[in-house]
Amino acid sequence: MTRLAVTRALRSVPRATILSRPQLPRTPSFRNRAPPSLANYTRRNLSTTARRLSDKDEDEDERKWSTPLAKQLAEAITATGPVPLASFMRMCLTGDIGGYYTGAIEKSEQNRDQFGAAGDFVTSPEISQVFGELCGLWYVTEWLAQGRPSKGVELIEVGPGRGTLMDDMLRTIQNFPEMAKSIDAVYMVEASPQLRIAQKNLLCREDAAMSESKVGYHSHCKYGNIPIVWTETIKSIPYDPEKTPFIMAHEFFDALPIHAFQLVEVHPSSSDSAPASSPVAKITTTSGPKTFKKPSSDTPGGSTLEWRELLVSPTPPFSTHSSLRTPTSQNPHLTPPPDFQLTLSPSPTRHSLYLPDLSPRYRAIKSSSASSSSSTTSQLPDGTSRGGGPGSLIEISPDTYLFATDFATRIGGSPSHPKAQPRGAALILDYGPGDGSVPVNSLRGIRKHHLVSPFAEPGLTDLSADVDFSAIAEAAVNASEGVEVHGPVEQGWLLEGMGGRERVESLVRAGLQTKKGDEEKEKFVEDLRRSWERLVDRGPNGMGRVYKALAIVPENDGRRRPVGFGGDVVM
Ligand code: SAH
């Protein structure tokens with residue numbers, strides 16, 4: 001029923017616009033592959049490493065760093081001590097000096113394209129135009145269901161890459177002129193100046209000028225001359241309770257920095273931190289020593305369990321892949337030995353004292369671990385543990401909470417941004433566990449479609465981590481009483497449910513009429529169908545299974561489910 005209704009809506013797209021999307025090699029999607037265990041690059045000799053660095057012995061002076069960013073990071077760590085994984089990731093991805101998205105490292109790398117066959121990874125909108133068309137259609141169905149507002153619609157995309165997805169969505173929405181006319185502005189939240197230009201070139205006329213204001217950069221879209229605004233942060237987009245924001249986040253959350261923590265058993269006699277029985281912990285911060293209240297759990301053996309943060313510090317000078325035991329799954333031949341490694345902080349850090357206490361989900365891991373003594377918990381040989389107990393790991397992304405809170409507030413309002421009538425929707429597509437579990441061991445480095453060490457060649461290596469969909473849902477409903485969350489559902493389920501297969505077949509029919517020659521026709525049809533199958537593949541590592549979709553929509557007591565999440569088209 002749902003599928004038929006959406007298919008009907010899709011058929012009403014009058015033009016079967018066929019785009020030439022370069023066919024990509026069928027490289028497996030390494031971005032969503034499980035990386036090797038964190039312990040593979042964890043060393044526990046934190047103090048030795050830190051001392052080595054501060055001694056500035058001859059070895060250190062001669063040390064060659066793999067990138068200018070690596071050198072800068074090492075200098076910063078020498079000054080302040082090992083840094084949280086989130087700080088490392090932020091510098092590597094969006095830092096001003098040689099960040100993966102934001103900085104050009106060398107002249108030869110300046111026009112480096114992260115996306116596509118010649119780049120590092122491939123994303124769904126780059127694989128098939130049908131992906132973006134279905135996303136565009138999803139917003140059309142929300143616009144229809146929310147009373148077809150005649151004005152005040154905003155399209156907001158965070159992390160728009162090359163702009164391909166927004167282009168496909170806008171082209172599709174143009175086929176629904178009433179909705180197209182209701183769009184006041186398109187907002188692109190993009191940290192990379194290079195990608196901002198690529199997006200402008202795709203979405204605006206080639207010669208369209210870009211002007212700069214306090215908010216960001218402005219131009220006009222080739223579709224209906226709609227104003228487009230580029231901002232570096234989502235906070236620069238004004239909150240307006242009269243607006244209907246339609247928000248898209250595709251492969252964005254996986255690029256947000258994470259903190260990683262491990263649960264350790266602290267014995268009362270331990271000299272690493274304040275005594276376990278003490279309710280306070282002393283930590284060292286860049287502004288001097290501070291005292292914090294210490295959340296801890298007693299274990300049956302009298303010791304306490306505490307979260308300790310995994311920090312990033314330099315590897316010893318002259319390390320090799322074999323001395324660091326870089327796993328073969330991280331393709332050591334593709335990069336020089338990692339410049340950095342993870343080390344377990346011997347004492348609490350600012351983040352370990354409050355982040356794991358933020359959600360009942362994290363607290364539950366700790367309290368269930370406390371009731372199971374270390375002797376009854378099955379520990380993995382590397383010292384970590386997945387099923388609770390000492391050694392358990394968790395990853396927490398504060399930025400994920402910030403973005404989810406922002407989306408929910410724009411859609412549903414909040415005490416600080418009241419909204420009389422919740423309106424709008426957010427569609428979040430990414431990879432991560434769909435069963436409510438907290439991501440562990442998920443940081444990965446990607447180069448040229450291969451997994452590499454996330455600590456090798458900082459700034460040249462893409463970094464990503466599993467998305468915690470439950471954290472997004474939790475943040476959204478905590479931020480706004482005006483929203484409800486649906487999903488996550490598997491990407492294959494969403495796209496099939498929205499009638500994508502029928503769309504592919506209608507493109508096939510249109511192509512067969514316009515393409516010349518049997519060979520060209522055959523290739524066209526095969527490419528189109530193969531790309532589609534790749535998006536919906538439900539095999540163990542298939543994109544249709546590994547990628548998930550989550551929707552944030554106006555609260556309606558669960559009476560109306562969004563299309564693709566089990567709901568019907570409301571006309
Ligand atoms: N959505 C696109 C691109 C995904 S790659 C696609 O699916 O093809 C991640 C994108 O997010 C890039 O455009 C990158 O520059 C951007 N990005 C990463 N971190 C960001 C941040 N903190 N703020 C804004 N943009 C960011």
Side-chain angles (χ1 to χ4, degrees), residues 21-22 24 29-32 86-96 98-104 112-117 119-132 134-136 155-169 186-203 216-217 229-237 247-258 397-404 406-407 426-431 444 446 449 459 461-465 467 491 495 531 534-535 543 546-549:
R21 195 133 303 177
L24 302 158
S29 193
F30 279 101
R31 273 198 124 198
N32 55 40
S87 314
F88 174 81
M89 285 181 78
R90 198 182 308 283
M91 294 272 284
C92 289
L93 290 172
T94 55
D96 290 344
Y100 179 76
Y101 288 112
T102 43
R112 186 160 59 96
D113 191 348
Q114 296 91 347
F115 305 87
D120 294 320
F121 55 86
V122 173
T123 60
S124 296
E126 305 292 339
I127 292 175
S128 170
Q129 68 178 79
V130 177
F131 181 83
L134 294 175
C135 291
L155 290 186
I156 301 175
E157 184 175 1
V158 287
R162 283 173 167 173
T164 311
L165 176 53
M166 183 56 85
D167 190 53
D168 290 337
M169 295 201 312
V186 173
Y187 289 96
M188 308 282 270
V189 181
E190 176 55 72
S192 156
Q194 287 95 334
L195 287 172
R196 182 173 68 223
I197 301 294
Q199 292 154 17
K200 189 238 120 193
N201 289 343
L202 182 64
L203 296 174
Y217 295 84
V229 187
W230 281 266
T231 64
E232 275 177 29
T233 70
I234 196 158
K235 291 280 167 245
S236 305
I237 304 175
I247 307 168
M248 164 56 77
H250 181 257
E251 288 222 33
F252 173 72
F253 279 90
D254 67 84
L256 295 179
I258 55 165
S397 163
D399 285 14
T400 291
Y401 280 90
L402 293 179
F403 276 96
D406 182 284
F407 294 178
L427 185 60
I428 294 152
L429 290 136
D430 228 307
Y431 49 85
R444 69 213 83 184
I446 296 114
H449 308 272
T461 299
D462 174 40
L463 298 180
S464 72
V467 171
Q491 169 165 302
L495 300 182
S531 309
R534 190 173 169 191
L535 294 184
M543 295 182 84
V546 175
Y547 283 77
K548 320 264 172 4

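Just follow the structure's listing: the first ligand is 1, and inside any ligand the first atom is 1. Owing to the predicted nature of the structure, the values given are computational and were not obtained by experimental measurement. Residues: numbered from 1 along the sequence shown. As a basis for the values below, the full set of heavy atoms in this structure was taken, side chains included, without hydrogen atoms, waters or symmetry mates.
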Among Phe115, Tyr101, Phe131, closest by heavy atom to atom 18 (C) of ligand 1 is Tyr101
Check your understanding: Given side chains that start at C-beta, do those of Ile446 and Ser464 come closer than 4.5 Å, heavy atoms only?
Key -> yes
Ligand 1 atoms nearer than 4.0 angstrom to some heavy atom of Thr123 are 6 (C), 7 (O), 8 (O)
Atoms of ligand 1 under 4.0 Å from any heavy atom of His250, numbered from 1 in the order shown, are 1 (N), 2 (C), 4 (C), 6 (C), 7 (O)
Nearest non-hydrogen contact to atom 20 (C) of ligand 1 from the set Tyr100, Phe252, Phe403 belongs to Phe252
message: Check contact between Thr94 and ligand 1, using heavy atoms of the residue and a distance below 4.0 angstrom.
response: yes
Here the atoms of ligand 1 under 4.0 Å from any heavy atom belonging to Gly161 are 2 (C), 3 (C), 13 (O)
Looking at Glu157, Glu251, Gln199, the heavy atom closest to atom 9 (C) of ligand 1 belongs to Glu251
For ligand 1 and Ala191, I'd like to know whether there is a polar contact (N/O to N/O, distance under 3.5 Å). yes
Review point. Side chains of Thr102 and Leu195: does their closest heavy-atom pair fall under 4.5 Å?
Key: no
Contact between Tyr547 and Glu251 at the side-chain level, heavy atoms closer than 4.5 Å - yes or no? yes
message = In the structure I gave you, are the side-chain heavy atoms of Leu155 and Met248 within less than 4.5 Å of one another anywhere?
response = no
*Is Tyr100 close to Leu463 at the side-chain level, that is, under 4.5 Å between some pair of heavy atoms?*
no
### Task
Evaluate the side-chain proximity of Met166 to Gln199: yes if any heavy-atom separation is below 4.5 Å, no if none is.
no
Item to complete: Check whether any side-chain heavy atom of Ser124 lies under 4.5 Å from a side-chain heavy atom of Leu429, and answer yes or no.
Response: no
Q.
I want to check something: taking the side chain as every heavy atom from C-beta on, are Tyr101 and Asp462 in contact at a cut-off of under 4.5 Å?
A. yes
inquiry  = Below 3.5 Å, N or O to N or O, backbone or side chain included: is there any such pair between Glu190 and ligand 1?
reply    = yes
Next item on the list: Could you tell me whether ligand 1 has any atom less than 4.0 Å away from a heavy atom of Leu195?
Entry: yes
- request: Give yes if a backbone or side-chain nitrogen or oxygen of Glu126 is under 3.5 Å from a nitrogen or oxygen of ligand 1, and no if not.
  value: no
| said: I'd like to check whether Gly159 has a polar contact with ligand 1, where a contact means an N/O of the residue lying under 3.5 Å from an N/O of the ligand. | reply: yes
